[in-house]
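Values reported hereafter were calculated over all heavy atoms of this structure, with side chains retained and with hydrogens, waters and symmetry mates removed. The chains referred to below are lettered A, B, ... by the order of the sequence lines, with proteins before strands, and numbering in each begins at 1.
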Amino acid sequence: MNTLINFPISLIVLCSGFILILLGLWGMLTQRHLIRIIIGFSLMDTGIHMVMVSIGYVTGGTAPIINNAVLMSEASNLVVDPVPSALVLTAIVIGLGVTAVMLSFAVRIYKTHKTLMIDKLTESKW
Amino acid sequence: MIKRIFIFMMLGLMAIIFFNLVANYTENTSLSKLAQYYVENGPQEIGAANLVTAVVVTYRGLDTLGEVTVLFISAAGVGLLLRRKKGKQNNNQQQNKSVKEVANIHKSSSEIVETATELLLPMIILFGVYVFLNGHLSPGGGFQGGAIIASGTMFLLLALPESHISRLLIAITESLSGFSYVIIGVLGMVMAGGFLDNRFISSGTYGNLFSAGAIPLIYTFIGLKVGFELSAVLDRFRKEINNEEDDPV
Amino acid sequence: MSIPVLTLLTIVLCGGILVGGLLAVLLDNMLSAVISAGLASLFASVVYVVLAAPDVAMTEASIGSGLTTMIFLYAIRKTQDKNASSVEEE
Amino acid sequence: MTISFTDITVIICAVLIFFSIVFGIIRLVIGPDTVDRVVAIDLLTVVTIALITLLAHQAGRYIYLDVALVYGLLSFLGVLAVARFLEKGI
């Protein structure tokens, strides 16, 4: 029980974020269907965001928003790092845009080839 | 078979890299120097209670401009990829089938969903506006508010799949808000410290709704832009589904 | 009162995320795979609240609750075999 | 050492939420059909709202409640999208 108390929270999130990246990469490499590959990509995206947020955590910190609970004078001892939060916040919206572009490519490929299995899309293979 | 072995070798190598990163990890106990500066000087300089907003809008404002640009390019890419060909000819058989398909697809929603749309859609839009107007006081901001507004559009498309969304309105709002965003940035360069500096409007009482200089204005434009762009993406996908051989707009 | 509630909670949530990711890769039915990926996004949002980043949690909530699923569903609807679906319908 | 009424309530809520999450994940894993998985996701979303509220109380920041508000207003959209997909409405 003692080791569990001293075990940092961000380490758990960091480990599971890395495992999620590996899972998404495994899905992207082994699946043969284009939409399944895109699902793997979106899993990898979530894993990377988890890793980035967990790096910015400070032990016992609270959210970097100043109000009655966190006063301005003692804020620098209480809050977590705001910079990784700002980066991840934009990265999530970008991830949605990238996923939409990839899916529209998949729809376009289906329109011309009538299939989405990448084994059959061979004419541009090198 | 050999391909599978390669895949597992590559995953194993990446796992070794990640394991080394995890093994040397210790949780931070104090802020880094940059974050220390932001936390100590941010509230006085910028006037925003939410420090993430201060970083996103002002300290790292140029990154946000690039991010909005990337989102615009991806929306334009979706529009380009899913456009309909006008002079496409198709034989009789296909046309018959597609007419039947369209009749199949347009299954209207039930009474409950349609009534709930009238009740809930204004609340969702209002909540989106609340989120991006209060971005400097509470969690939230332009990106979240825009995503909530796009969710409202998605609700409308789910309940009434036939509804018409004006593409002209989307284009005008999107370009106007992007233009105003850049104009505000340039105004900050002329009248205050630098590009996207928010202090050319007097920052009122700390903690009020209309405080923190130009941040509510900037977040309003970002929210409108993001919301309408994501709505345009959803509309493109919907159009692509519903009619292949209908008359073009 | 020495039970580390927050640590246990984080372990359960991270386990849920990994289960969702594994199901999204392994399941045969593509609709189920998309829904399982939604589970990973849902629990990731709670993990961000635990790590004191409510802005990120809000973004993940507003994007992951509807928009991602919707775009995937549109793409699946568009790319599934039309003859098979119409046969199934009648 | 005295335990107040609020502490007992919080502990009971935490235990209930733990079990709900575990049962929801079990249904998501074994659910033979897509519809079972959708219902499991709906359950987990409601449990998530309760969990975020509990975390806000525990951290003493009422500001975290905004995230729960987003889920409360938008969580039905994913389920509605899958339902309309299954009846070929989108």
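- The part of Val80(A) that comes within reach of chain C is its side chain, from C-beta onward, which places non-hydrogen atoms under 4.5 angstrom from that chain.
- The part of Thr99(A) that comes within reach of chain C is its side chain, from C-beta onward, which places non-hydrogen atoms under 4.5 angstrom from that chain.
- Using a 4.5 Å cut-off between heavy atoms, Leu13(C) makes no contact with chain A at all.
- Most heavy-atom pairs under 4.5 Å with chain C, from the set Thr30(A), Thr62(A), Leu96(A): that is Leu96(A).
- Summarising the geometry, atom CD1 belonging to Ile9(A) is positioned 13.5 Å from atom CG belonging to Leu14(A); distances are rounded to the nearest 0.5 Å.
- Looking only at distances, a side-chain donor or acceptor of Gln31(A) sits under 3.5 Å from a matching main-chain atom of Val25(C).
- Within the 4.5 angstrom heavy-atom criterion, atoms from both the backbone and the side chain of His49(A) approach chain C.
- Heavy-atom pairs under 4.5 Å with chain A peak, among Ser36(C), Gly21(C), Ala53(C), at Gly21(C).
- Interface residue Ile38(A): backbone and side-chain heavy atoms are both found under 4.5 Å from chain C.
- The contact between Leu22(C) and chain A is made by backbone and side chain atoms together, counting heavy-atom distances below 4.5 Å.
- Heavy-atom distances place the side chain of Val47(C), and not its backbone, under 4.5 Å from chain A.
- For the atom pair OG (Ser65(C)) and CE (Met70(C)), the distance works out to 12.0 Å, reported to the nearest 0.5 Å.
- Although no hydrogens or angles enter the test, the distance criterion places no donor-acceptor pair under 3.5 Å between the side chain of Arg32(A) and the main chain of Ile37(A).
- Minimum interatomic distance between Ala37(C) and Ile39(A) (heavy atoms only, all atoms of both residues): CB-CG2, 4.3 Å.
- Across Ala75(C) and Leu103(A), no two heavy atoms sit closer than the pair CB-CD2, 3.7 Å.
- Of all the listed residues (Asp81(A), Thr46(A), Val93(A), Leu43(A)), the one sharing the greatest number of non-hydrogen pairs under 4.5 Å with chain C is Leu43(A).
- Between atom CZ of residue Phe105(A) and atom CD1 of residue Ile109(A) there is a gap of 7.5 Å, rounded to the nearest 0.5 Å.
- A distance-only check finds a donor-acceptor pair linking the side chain of Thr59(C) to the backbone of Asp55(C) [under 3.5 Å].
- In this structure, the portions of Val34(C) lying under 4.5 Å from any heavy atom of chain A include both its backbone and its side chain.
- Chain C forms the most heavy-atom pairs under 4.5 Å with one residue out of Val88(A), Ile35(A), Leu89(A), and that residue is Ile35(A).
- Here the straight-line distance linking atom OG of Ser54(A) with atom OH of Tyr48(C) works out to 9.5 Å at 0.5 Å rounding.
- Only the side chain of Ile63(C) comes within contact range of chain A, judged by heavy atoms closer than 4.5 Å.
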